[in-house]
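Report on one structure; see the data block that follows.
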Protein chains: 2
Amino acid sequence: MERNVDLGGFLENKQNFIPHLSIDSVIFGFHQDQLKVLLLRVHDSGVWSLSGGFVRMEEGIDPAALRILRERTGLENVYLEQYHTFGHEDRSKKNTLADILDFGHTEEFRNSWLNKRFVSIGYYALVDFSKVNPTPDSFSDIAEWFDLKDLPPMIFDHREMIYKALESLRANLDTKLVGFNLLPETFTMPELQSLYETILGYPLRRNNFQRKMLSMDILERIEKLYTGAANKAPYLYKFKAPNVEAV
Amino acid sequence: MERNVDLGGFLENKQNFIPHLSIDSVIFGFHQDQLKVLLLRVHDSGVWSLSGGFVRMEEGIDPAALRILRERTGLENVYLEQYHTFGHEDRSKKNTLADILDFGHTEEFRNSWLNKRFVSIGYYALVDFSKVNPTPDSFSDIAEWFDLKDLPPMIFDHREMIYKALESLRANLDTKLVGFNLLPETFTMPELQSLYETILGYPLRRNNFQRKMLSMDILERIEKLYTGAANKAPYLYKFKAPNVEAV
DNA sequence: GCAAAAGTGTTTACTATACACCCATGA
DNA sequence: TCATGGGTGTATAGTAAACACTTTTGC
């Protein structure tokens, strides 16, 4: 099949990227009581990938990850954390770009630096779902949120990267109080609890959860939120500490 | 100063290593109630470095780390854990090899792939001090244990890499039960406690520590150890689970 | 008033800590 | 028999879990 996909100068490595090294970010969001990841669909294919990119020769890896994240979400200040580096020798040998993008200049692509073995530094980002403006990159045509429990076919080892990121997120949930980065500025206690339950994967006691959260003295109670439902209106809360930790 | 240091083919990258990517391992040992790290002295200099190396083009990063570790310690089965990847753009611009090794073929070195910017994947290893056979590499002339509280001048950002590794070790001490990898097959309870205290940096209660360890049901009590001291002989213990977790 | 969901109070269980005591060993 | 360090028992404090109850809201 003849395709004419513009890879925006990536094939020639015009921007002088470090070869064999990539960055992939698992972008987590929370919407309708579900944990979501932002994925990119590889051009004209049924295969999806994480938000990824490369590191410029004079660029630090953290700034590179932030740059990539900005390009995919439009967000400037996001919680970003490096969690693992993936470097199995065969990690980019299944569901490869070459397999998926069997476009015109195949020969050029197969010989390009893009088609080589890559070691990828994994980051995960926690963002406010409602603020994200999903934007595809040169390798993709759509950016879309997926439920973590309903992931599409994915390129390389990106599925495993997501699961490992979730593990890290779980481990950091209590110690680093990272969950708040997935919520808007204000939220109710039941919303916060639902977030925790979704991430951890098991239910929590309503009363004990509330007590625990309030006892940490990190929440500021604002006014009540009248939803129109026939029950007591929940309070709105605001996270006291700044919502973003720089990497 | 004219020096003739043999870098064993590294200058020409004969072994086809991935450029700009290195692996550095913080090798922890425990000896005389002190936490130690194994360091290598850069040829004819007062500057020391971690055990490091490069990743071959067809080699996974974990096998590469194990290979390097084997070469520096002679050990086959070691507890090894990837903890962080260091990729600041300036990380290899201070205390560089070029500064330290101002040897004969300077021009060749300055232009070589070795003198470029490197992203380094950090691992830490936990080994039985008494079993290690410290062996320098092509860049160093001695391999020696250093007390963590008395580190010498170090190349690049290796000092920060050690501190970050210690943080990870502390965080994993209780959850992953990694401490046992720093001890011989058999050990006494006071020895184990001393290890924990040294890693954590604060004292623990003798009786409660023992109870906690025994309650986890991971220790097997062997016979008593008669040291010749004028006090009750401590029991020897053995760790039930296998001492090594593969990476 | 009633159902639904939010919020608060109280009891219980568990674990971590502190304190006290006993045991074995060699001089 | 005494000092020394190892081992065990018990009380207390602090926290986490479970249970029960009250409050607010719209119909």
Side-chain angles (χ1 to χ4, degrees), chain A residues 30 32-34 170-177 179-180 183-184 186-240, chain B residues 30 32-33 170-171 173-177 179-180 183-184 186-240:
Chain A
F30 186 65
Q32 291 177 343
D33 290 338
Q34 293 296 330
R170 279 181 181 155
N172 286 335
L173 194 58
D174 278 331
T175 52
K176 293 192 183 178
L177 263 37
F180 299 96
L183 294 174
T186 62
F187 47 87
T188 66
M189 195 58 80
E191 280 169 0
L192 183 60
Q193 183 178 344
S194 166
L195 171 65
Y196 267 70
E197 290 178 335
T198 307
I199 293 175
L200 295 174
Y202 52 85
L204 300 165
R205 316 253 158 185
R206 192 167 47 85
N207 48 359
N208 295 333
F209 179 80
Q210 166 141 283
R211 203 190 331 272
K212 188 177 175 180
M213 286 298 142
L214 292 179
S215 72
M216 290 191 292
D217 196 38
I218 49 167
L219 295 182
E220 190 181 336
R221 182 177 280 186
I222 322 280
E223 75 279 15
K224 288 188 179 181
L225 174 70
Y226 291 89
T227 60
N231 53 44
K232 189 170 179 178
Y235 289 104
L236 276 175
Y237 291 92
K238 178 167 116 180
F239 190 54
K240 277 185 183 175
Chain B
F30 187 65
Q32 291 178 342
D33 290 339
R170 279 182 181 153
L173 194 58
D174 278 331
T175 52
K176 293 192 183 177
L177 263 37
F180 300 95
L183 293 174
T186 62
F187 47 86
T188 66
M189 196 58 80
E191 279 167 1
L192 184 61
Q193 184 177 345
S194 166
L195 171 65
Y196 267 71
E197 290 178 333
T198 306
I199 293 176
L200 295 173
Y202 52 84
L204 301 165
R205 316 251 159 188
R206 192 168 47 89
N207 47 358
N208 295 333
F209 178 81
Q210 165 141 282
R211 203 191 329 274
K212 188 176 175 183
M213 287 298 142
L214 292 179
S215 72
M216 291 190 291
D217 196 38
I218 50 167
L219 296 182
E220 189 181 333
R221 183 178 280 185
I222 321 283
E223 75 280 14
K224 288 188 180 181
L225 173 69
Y226 291 88
T227 60
N231 53 44
K232 191 170 177 178
Y235 290 104
L236 276 175
Y237 291 91
K238 178 167 119 179
F239 189 54
K240 276 186 184 175

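Below, chains carry the letters A, B, ... as their sequence lines are ordered, and counting in each starts from 1.
Remark: B:Arg170 engages no residue in a side chain to side chain donor-acceptor pair (under 3.5 Å) (not counting sequence neighbours). By the side-chain contact (heavy atoms from CB on, under 4.5 Å) test, A:Ile222 pairs with A:Leu236, A:Lys238, sequence neighbours left out. Shown here are the side-chain contact (heavy atoms from CB on, under 4.5 Å) partners of A:Gln193, two or more places apart in sequence or in another chain: A:Glu197, A:Leu204, A:Arg206, A:Phe209. B:Asn231 meets the side-chain contact (heavy atoms from CB on, under 4.5 Å) test with B:Ala229; sequence neighbours excluded.
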Polar-atom pairs under 3.5 Å, protein N or O versus N or O of nucleotides 3-6 of chain D: list them with distances, or write none.
from	atom 1	to	atom 2	distance (Å)
D:dT4	O2	B:Ala230	O	2.9
D:dG5	O4'	B:Asn231	ND2	3.1
D:dG6	N7	B:Arg206	NH1	3.3

Listed pairs, N/O of protein and of nucleotides 13-17 of chain C, under 3.5 Å:
none

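A:Ser194 places no side-chain N or O within 3.5 Å of a backbone atom of A:Pro190 that could act as its donor or acceptor partner.
The closest side-chain heavy-atom distance from B:Thr188 to B:Tyr235 is not below 4.5 Å. Using a 4.5 Å cut-off on side-chain heavy atoms (C-beta onward), A:Phe180 and A:Ile218 make contact.
A straight line from CG of A:Leu214 to C1' of C:dA6 spans 12 Å, rounded to a whole angstrom. One atom, CZ of B:Phe209, and another, C1' of C:dA18, lie 18 Å apart when rounded to the nearest Å. Rounded to whole angstrom, the span from the OH atom of A:Tyr237 across to the C1' atom of C:dG7 amounts to 8 Å. When the C1' atom of D:dA16 is taken as reference, atom CG of A:Leu204 falls 13 Å away, rounded to whole Å. When the P atom of C:dA6 is taken as reference, atom CG of A:Leu236 falls 13 Å away, rounded to whole Å.
Within the model, atoms CE of B:Met216 and CG of B:Asp174 stand 7.5 Å from one another, a figure rounded to the nearest 0.5 Å.
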